[in-house]
Amino acid sequence: MPKLKLKSLYCETTEDSGGPDEAYLIVNGEQVWGTQSINDREGRPVDKEVDFSTSAEIKLYDEDTGIFDKDDHLGTVTVGSDMAGKGEQQGKFTDDGANYTLYYEVV
Ligand SMILES: [Ca+2]
Ligand SMILES: [Ca+2]
């Protein structure tokens, strides 16, 4: 069974204006990391491993509080088992004006 290794997350630009995002990652419907505060031009170690079968769908969200402001979905990176053994990869999350890069590997 392939294993997705989530290494780190780098934020070039947050979605929230004027402050940090409260970022979290969901893989195949399960939250695997976060919530962690992250601001422009900051990186965070993730260091999580997730087993999957044929593909893993990684979604990045920014948590928002308040009744009228739901958490923002900042993008989805889909990883296939065919990436196994191909070394470190980069995935981008760029929805809602955000700019994040996820570093990961499939082993
Ligand atoms: Ca937000
Ligand atoms: Ca937020």
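Order of appearance sets the numbers: ligands from 1, and atoms from 1 within every ligand.
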Are side-chain N/O atoms of Y24 and D62 paired as donor and acceptor at under 3.5 Å? no
Verify the distance test for E15 against the Ca ion (ligand 1): any N/O/S atom under 3.0 Å, yes or no. yes
Go through the side-chain N and O atoms of Y10 and E12 and say whether any donor and acceptor fall under 3.5 Å apart. yes
Of all the N, O or S atoms in D72, which one sits nearest to the Ca ion (ligand 1)? OD2
For D16, the N, O or S atom at the shortest distance from the Ca ion (ligand 1) is OD1
Any N/O/S atom, backbone or side chain, of D64 lying under 3.0 Å from the Ca ion (ligand 2)? yes
By atom name, which N, O or S atom of D62 is the nearest to the Ca ion (ligand 1)? OD2
A quick test of your reading: do over 12 heavy atoms of other residues, nucleotides or ligands sit less than 6.0 Å from CD of E88? yes
Among the N, O or S atoms of E22, which one sits nearest to the Ca ion (ligand 2)? OE1
SB check E105 K5 (cutoff 4.0 Å): no
Is there a donor-acceptor contact under 3.5 Å from the side chain of N28 to the main chain of E57? yes
Suppose we only count N/O/S atoms under 3.0 Å; would D21 qualify as near the Ca ion (ligand 2)? no
With no hydrogens and no angle check, do the side chains of T76 and K59 hold a donor and an acceptor under 3.5 Å apart? no
Of all N/O/S atoms in E63, the name of the one nearest the Ca ion (ligand 2): O
